[in-house]
Amino acid sequence: MKIKELADLVGISVRTLHHYDEIGLFKPEKTTASGHRLYSVDDLEILQQILFYKELGFPLKKIKQIIHSPDFDRQEALELHRKTLLEKSRRINRMLELVEKTIQHSKGEIRMSNKEKFEGFDFSHNPYEQEARERWGDRAVDNSNTKIRNMSKKEQKNLEEEMRFIYRNLADLRHQPPSSQEAQSAIHKWFKWLNTIGDYSLEAFKGLGQLYVDDKRFTKNIDQFGEGLALFMRDAMAVYADNNQH
């Protein structure tokens, strides 16, 4: 199968396939003497795996490490995809039910208690936990999870509310210079908040800020509070780390 045929079959661009080839993620089984790429049935199965992992939010660099590992087992990977997608589906269904009920509540068709308004949210699930384990190690993440588990439900809720307050405050300041006194005061609160659930050095804090921009999943979630917030936080966190190094 030629590259244009494969692109049309899968629904991705030829340019994307070229990029996958260039970074060593997905190379064709054969290349003709004239340089045309030819893809086999086995190649199609590899591409399917790549797209499964991509759908689950894995960065291309990590996908490359996984599928090219000598220990990679396609059947085991498929079982894991199914398990992960079913859990994702359950979370989405819970959120959809909550949205539907909230719409009815806003129209006056039903009444929701304060507790019911938040029943669809699940803060015990951290979609970035695996990413954190890969970047900072199991011990740091386990320590953070232990701190949160040892908190009461009220303490966890207060922590969540404080996080949102800090984000909103930073969003209001995002058009100021990241080095301004107001921005640095606000980012100091973020540094303190992170260290209530973890153990972040100034260097790790700066690295986390860079991740907010490098990883589109972080950017998307943070920018819900204000477009450009992730970029502003990265710059403010870098200034804070540099200014407080001894």
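Small disclaimer: the values here were computed from a predicted structure and weren't measured. Basis for what follows: all heavy atoms, side chains included, without hydrogens, waters or symmetry-related copies.
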**OP:** Could you label the plane-to-plane angle of the Tyr53 and Phe58 rings as parallel, tilted or perpendicular, counting under 30° as parallel and over 60° as perpendicular?
**Re:** perpendicular
Subject >> Spacing of CZ belonging to Arg15 relative to NE2 belonging to His19, to within rounding of 0.5 Å >> reply: 9.5 Å
**OP:** Return yes if some donor-acceptor pair links the side-chain N/O of Lys27 with the main-chain N/O of Asp21 below 3.5 Å, else return no.
**Re:** yes
**OP:** In plain terms, say whether Arg168 and Asp172 are close enough for a salt bridge, that is, a side-chain N and a carboxylate O under 4.0 Å apart.
**Re:** no
Original post:
Can you check whether Pro178's main-chain N or O pairs, donor with acceptor, with Asp235's side chain at less than 3.5 Å?
Top reply: no
Original post:
Hey, is the main chain of Leu229 close enough, under 3.5 Å, to the side chain of Asp223 for a donor-acceptor pair?
Top reply: yes
**OP:** Please answer whether the main-chain N or O of Trp193 pairs with a side-chain N or O of Thr196 as donor and acceptor at a distance below 3.5 Å.
**Re:** yes
Subject >> Donor-acceptor contact present, side-chain Asn195 to main-chain Phe191, <3.5 Å >> reply: yes
Original post:
Between Phe26 and Tyr39, does the ring centroid distance fall short of 6.0 Å?
Top reply: yes
Subject >> Ser179: partners by side chain to side chain donor-acceptor pair (under 3.5 Å), with sequence neighbours left out >> reply: none
Original post:
For Phe52, which residues count as a ring pair (Phe, Tyr, Trp, His ring centres under 6.0 Å) partner, sequence neighbours excluded?
Top reply: His81
**OP:** For Asp43 and Ser40, indicate whether the former's side chain and the latter's backbone hold a donor-acceptor pair under 3.5 Å.
**Re:** yes
Subject >> Donor-acceptor contact below 3.5 Å, side chain Thr219 vs main chain Tyr212 >> reply: yes
**OP:** Would you confirm whether Ser180, through its side chain, and Pro177, through its main-chain N or O, come within 3.5 Å as a donor-acceptor pair?
**Re:** yes
Original post:
Do the rings of Tyr240 and Phe205 sit parallel, tilted or perpendicular, given the 30° and 60° boundaries?
Top reply: perpendicular
Subject >> Same apolar cluster (I L V M F W Y, side chains within < 4.5 Å links), Ile50/Val14 >> reply: yes
